Amino acid sequence: MNIEQKARQTLAKIKLSKKDKILVALSGGKDSSVVAYLLKKFGYNIKGFHIDLGMGGYSERCLDSVKQLCKQLDIKLHLYDIKDEMGSSMCYIRAGIQHEKKGLKNCAICGVIKKWIMNREARNIQGISKIATGHNLDDEAQTFLMNVLKGSPKLSANSGAITQNTKDKKFIMRIKPLFYVAENDIREYSKKMKLPVVYEHCPCALDSYRIQIRQFMNTLTTKQKENIMKNFDRLSERIQRLKAIEKLNYCEVCGEPSRNKICRMCQLVSIKR
Ligand code: AMP
Ligand code: ZN
């Protein structure tokens, strides 16, 4: 199956509708750009969303790519400037958090903050019913493997091509159209389609454990990565059947949906409201 067929199959599996209004979280990288390109090609109703993380030249190049892509695809782009909205760049926010809470990894902190922003902003854009991200087969197999090695495969239970088990009016479902597509195929496709994409890695992705796992993953074939995710799917289905639909709380600090009394974002930073 080629990348387009795999993406179509995934969208059918998660029952994405042409009535859905989808906000594509665009990083400027190949994966999310390909997601936007394919959803547009398949005739879905999409808009773009980009968080300018304020990380110097790298962020500037990402912003340029995102703007070009949205122009090319003729879709509206919503921009969130972290310096304007939160007062400093991701680097400073993260350094502040790490000063207080040593040992927290760059990507983990950035991931929590980005998800919090995406959900809140998506909710504020009229009619948005889904957020689409560029997560691919390699990302997902890597995360699942890391959870297995940590001894907590259940941590992956709510992951999947669509967020599982959470229904709440303040929570926008997230979808991953490239969940079953290998990173190499996405890179090749983005080049073939000549998409405006930044191919460099984020300069702050320095989590040595993740890098170690990625290096190991690079020794695997696509078939082996697919097999890891087949196991994930089986495990996930079983866990889903055992669990009831989760009722979310609202964070006591920021009011955003959360599994805990205080959301992960507010556990990390105190936010000006
Ligand atoms: P990452 O956590 O950097 O691997 O990114 C995972 C996904 O989150 C990407 O495929 C994008 O869909 C989204 N994303 C990452 N960075 C940004 C950003 N700066 N603005 C909007 N979406 C982003
Ligand atoms: Zn909160």
Side-chain angles (χ1 to χ4, degrees), residues 22-39 46-55 58-67 69-70 77-83 85-86 89-91 93-94 105-122 125 130-140 142-143 159 163 170-171 174-179 181 183 186-187 190 197-198 200-207 210-211 214 248-273:
I22 306 151
L23 193 66
V24 186
L26 294 167
S27 63
K30 60 188 185 326
D31 308 291
S32 48
S33 304
V34 167
V35 167
Y37 179 84
L38 288 176
L39 289 178
I46 63 167
K47 287 181 168 153
F49 177 67
H50 176 67
I51 306 169
D52 182 349
L53 300 168
M55 295 177 356
Y58 170 72
S59 289
E60 284 165 21
R61 289 188 287 282
C62 289
L63 178 60
D64 276 351
S65 296
V66 167
K67 281 183 178 165
L69 181 79
C70 290
L77 171 62
H78 292 266
L79 278 176
Y80 182 99
D81 186 317
I82 208 164
K83 279 189 186 164
E85 303 283 344
M86 295 192 167
S89 73
M90 181 59 94
C91 307
I93 296 175
R94 206 170 32 213
K105 301 284 196 297
N106 281 357
C107 299
I109 296 175
C110 191
V112 168
I113 297 179
K114 282 193 284 206
K115 271 190 209 162
W116 184 91
I117 295 173
M118 275 181 214
N119 188 65
R120 209 176 55 149
E121 295 304 307
I125 301 171
K130 302 270 184 323
I131 297 172
T133 61
H135 292 92
N136 61 41
L137 177 66
D138 291 64
D139 297 328
E140 297 302 320
Q142 187 183 314
T143 304
S159 174
T163 11
K170 287 180 90 176
F171 179 77
R174 286 193 293 269
I175 60 167
K176 299 171 180 172
L178 301 178
F179 194 87
V181 185
E183 184 169 17
I186 300 171
R187 186 179 297 106
S190 69
V197 162
V198 173
E200 60 195 292
H201 282 294
C202 168
C204 298
L206 302 169
D207 173 352
R210 200 168 262 276
I211 290 171
R214 194 182 296 143
L248 292 176
N249 301 314
Y250 297 120
C251 168
E252 285 178 2
V253 181
C254 69
E256 287 297 300
S258 164
R259 290 200 180 85
N260 305 306
K261 276 186 154 191
I262 308 228
C263 77
R264 286 167 75 200
M265 169 74 165
C266 292
Q267 285 175 25
L268 291 178
V269 282
S270 41
I271 302 147
K272 291 174 245 121
R273 274 179 295 160

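Just so you know, ligand 1 is whichever comes first in the structure, and atom 1 is the first atom listed for that ligand. Model, not experiment: these values are computed from the prediction.
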Applying side chain to side chain contact (heavy atoms under 4.5 Å, CB included) to Tyr80 and Met86, what does each step give before you reach the verdict? CA-CA 10 Å; Tyr80 182 99; Met86 295 192 167; 3.6 Å; yes

Residues which pass side-chain contact (heavy atoms from CB on, under 4.5 Å) with Arg210, listed by chain and number, not counting sequence neighbours: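 Only Gln142, Thr143, Met146, Asp207 meet the side-chain contact (heavy atoms from CB on, under 4.5 Å) criterion with Arg210.
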
With sequence neighbours excluded, what pairs up with Ile125 under the side-chain contact (heavy atoms from CB on, under 4.5 Å) test?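 Listed in chain order: Leu23, Lys47, His78, Ile128.
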
Given SG of Cys251 on one side and SG of Cys266 on the other, what angle do they make at the Zn ion (ligand 2), to 10°? 110°

Residues that Phe49 engages under ring pair (Phe, Tyr, Trp, His ring centres under 6.0 Å), provided they are two or more places apart: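 Once residues adjacent in sequence are excluded, Phe49 has no partner under the ring pair (Phe, Tyr, Trp, His ring centres under 6.0 Å) criterion.
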
Check against side chain to side chain contact (heavy atoms under 4.5 Å, CB included), Cys254 and Met265: CA-CA 9 Å; Cys254 69; Met265 169 74 165; 5.9 Å; no

Test side chain to side chain contact (heavy atoms under 4.5 Å, CB included) applied to Leu63 and Leu53, Leu79, Leu26, the passing residue: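 Running side chain to side chain contact (heavy atoms under 4.5 Å, CB included) over Leu53, Leu79, Leu26 with Leu63 returns exactly one hit, Leu79.
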
Polar pairs, ligand 1 vs protein, N/O only, below 3.5 Å.
| residue | atom | partner | partner atom | Å |
| --- | --- | --- | --- | --- |
| ligand 1 | 3 (O) | Lys114 | NZ | 3.4 |
| ligand 1 | 10 (O) | Gly134 | N | 2.9 |
| ligand 1 | 12 (O) | Ala25 | O | 2.6 |
| ligand 1 | 12 (O) | Gly134 | N | 3.0 |
| ligand 1 | 16 (N) | Lys114 | NZ | 3.3 |
| ligand 1 | 19 (N) | Ile51 | O | 2.9 |
| ligand 1 | 20 (N) | Leu26 | O | 3.3 |
| ligand 1 | 20 (N) | Ile51 | N | 2.9 |

